[in-house]
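Beneath this line is the structure, given in structure tokens, with notes to follow.
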Amino acid sequence: MRYISTRGTAPILSFGEAMMTGLARDGGLYVPEVVPTLTEAEIAAMAGQSYEDIAFAVMRPYLGDTFGDDEFRRLIVKAYAGFGHAARAPLVQLGANHFLLELFHGPTLAFKDFAMQLIGQMMQAALAKTGQRITIVGATSGDTGSAAMEAFRGLSNVDLFILYPHGRVSEVQRRQMTTPSEANVHALAMDGDFDDAQARVKDMFNDFAFRDGVRLAGVNSINWARVLAQVVYYFSAAVSLGAPHRSVSFTVPTGNFGDIFAGYIARKMGLPIERLVIATNHNDILHRALTTGNYLKDGVRASISPSMDIQVSSNFERALFDAYGRDGQAVTALLGELGAGGFHISQGALEYLRSTFASGRCSEDETSATIKTFYATTGEVLCPHSAVGVHVAGAHQSATPMITLATAHPAKFPDAVEAAMGIRPPLPTRMADLYTRPERLTRVPNDLGALQSLIRERIAH
Ligand SMILES: *Cc1c(COP(=O)(O)O)cnc(C)c1O
């Protein structure tokens with residue numbers, strides 16, 4: 001299996017190389033040269049299998065010779081052993097034809113754990129073979145950072161730096177990033193918003209002297225291995241509702257477009273997914289783009305679903321690459337226009353996107369009302385991100401079962417949940433001491449040079 005860049009000029013890589021590389025050297029994102037398909041019989045055989053077995057079947061075709069079969073099975077088992085639910089990704093029913101896929105039973109209570117725990121295991125195994133040491137720098141709107149801290153803390157061949165927007169993450173998210181005490185993980189609170197943090201990380205990848213000097217690797221959702229790990233739960237959920245014999249649809253609370261892009265890959269692999277519905281909060285660039293054909297930035301506005309407060313959805317580039325017939329030059333030209341504010345999606349590309357994706361937007365009031373209503377009618381406590389999904393799914397009901405992704409545990413966003421329904425959701429007992437652990441963080445300016453100096457200095461020790 002070979003991986004190519006969405007901008008067409010970076011070196012072609014193996015799975016292991018793409019995982020370590022993150023952002024391609026031409027500024028693009030790695031995608032498989034060909035998406036492997038599973039037969040109906042192979043999908044049918046997943047019925048009743050464990051999450052780990054389904055994970056092996058779904059991901060194995062992408063790995064080439066990066067890991068042996070037994071080794072890969074062991075890495076999967078280790079990755080999900082720390083989850084607080086035996087099913088890993090349980091499905092609960094909200095209404096006659098509406099289901100909720102609970103992706104928040106991992107160690108940091110958000111779906112990011114599914115990919116991050118596995119990537120931690122895979123990187124460690126790959127680095128142990130070469131004895132190499134790498135520096136991982138990631139930007140986070142909250143959940144990626146905490147998941148990465150949890151996955152990489154204490155690993156011997158990795159230094160991890162997480163940039164998060166100062167004052168714009170929830171207290172639980174911040175504490176999950178600032179309380180790990182291991183010396184190889186560093187929480188950096190940066191001035192600015194998530195897009196600023198993500199832009200500085202991209203700047204570091206585009207500075208080849210720095211990139212090569214510190215052996216920079218990335219774990220943001222631009223990393224193909226993360227997308228791949230998320231493909232698995234689309235299969236496990238759809239199969240438990242009757243796939244491949246019955247189609248399903250998914251609604252996905254969306255920010256950086258990584259999670260829903262994994263659904264798109266599952267569909268390309270042969271999973272019968274009718275619709276993938278993009279659910280946005282009031283930062284609705286993707287909903288506007290799909291509706292009007294214009295992908296136009298208009299500034300990030302803080303919301304009660306902060307992990308989706310994003311205007312530039314990095315992974316959308318991967319969908320554009322396919323929508324433009326895998327023309328790297330066309331993608332490069334479009335993304336070039338983004339600096340000046342945005343671009344127009346051609347009619348043909350728009351039709352391609354609309355044949356798979358639908359979209360909807362949820363206001364702040366609608367988010368709160370959804371939390372309140374669904375608690376009253378189902379007993380299910382939704383986090384604000386999941387509530388955005390549930391609200392948007394309501395407008396896309398049909399005879400096809402709808403599965404909405406619950407992307408975080410409500411206790412990760414207790415203020416918003418309490419304001420909406422009057423009850424403060426408690427943390428699961430396995431992490432009840434979070435509020436009493438000491439915090440460790442460094443305040444940093446939104447300045448590339450200053451960030452690079454700090455990283456060079458810290459990894460020298
Ligand atoms: C990251 C995140 C999202 C958005 O997922 P993307 O892959 O960036 O689209 C939604 N909800 C929660 C809770 C998240 O942590």
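Note that ligands are numbered from 1 as they come in the structure, with each ligand's atoms numbered from 1 the same way.
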Proximity to ligand 1 by part of M308, non-hydrogen separation under 4.0 Å: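 Answer for M308: side chain.
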Checking a contact table here: which protein heavy atom is nearest [atom], and how many Å away?
atom                    : value
atom 14 (C) of ligand 1 : K112 NZ, 2.9 Å
atom 9 (O) of ligand 1  : G255 N, 2.8 Å
atom 7 (O) of ligand 1  : D259 N, 2.9 Å
atom 15 (O) of ligand 1 : D143 OD2, 2.4 Å
atom 5 (O) of ligand 1  : F111 CZ, 3.5 Å
atom 11 (N) of ligand 1 : T407 OG1, 2.8 Å

Distance-only side-chain donor-acceptor flag, R267 / T356, under 3.5 Å: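 There is such a pair (donor and acceptor under 3.5 Å, judged by atom type) between the side chains of R267 and T356.
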Polar contact flag, side-chain donor to acceptor under 3.5 angstrom, N184-D159: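 There is no such pair (donor and acceptor under 3.5 Å, judged by atom type) between the side chains of N184 and D159.
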[atom1]/[X] to [atom2]/[Y] distance, rounded to the nearest 0.5 angstrom?
X    : Y    : atom1 : atom2 : result
Q173 : K412 : CD    : NZ    : 5.5 Å
R7   : D327 : CZ    : CG    : 13.0 Å
I260 : I278 : CD1   : CD1   : 5.0 Å

So, regarding [X] and ligand 1 (criterion: nitrogen or oxygen to nitrogen or oxygen, under 3.5 Å), is there a contact or not?
X    : value
N256 : yes
T254 : no
F257 : yes

Trace of the side chain to side chain contact (heavy atoms under 4.5 Å, CB included) decision for R175 with R437: CA-CA 8 Å; R175 285 183 174 278; R437 288 184 223 151; 5.7 Å; no
Parallel, tilted or perpendicular, as decided by the 30° and 60° cut-offs, for the rings of F56 and F72: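 F72 vs F56 ring planes: tilted.
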Aromatic ring pairing F261/W224, orientation class (parallel under 30°, perpendicular over 60°, tilted between):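 Judged by the thresholds at 30° and 60°, the geometry between F261 and W224 is perpendicular.
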Pair F111 and F104, ring centroids less than 6.0 Å apart: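 That pair fails the under 6.0 Å test.
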Nearest neighbour of atom 10 (C) of ligand 1 from the list P306, P253, P384, on a heavy-atom basis: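 Going through P306, P253, P384 one by one, P253 has the nearest heavy atom to atom 10 (C) of ligand 1.
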Close-contact set for ligand 1 against G258 heavy atoms, below 4.0 Å: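 Answer, ordered by atom number: 6 (P), 7 (O), 9 (O).
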4.0 Å heavy-atom contact, S221 with ligand 1: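 Heavy atoms of S221 never come under 4.0 Å of ligand 1.
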Residue-ligand contact F261/ligand 1, heavy atom below 4.0 Å: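 No.
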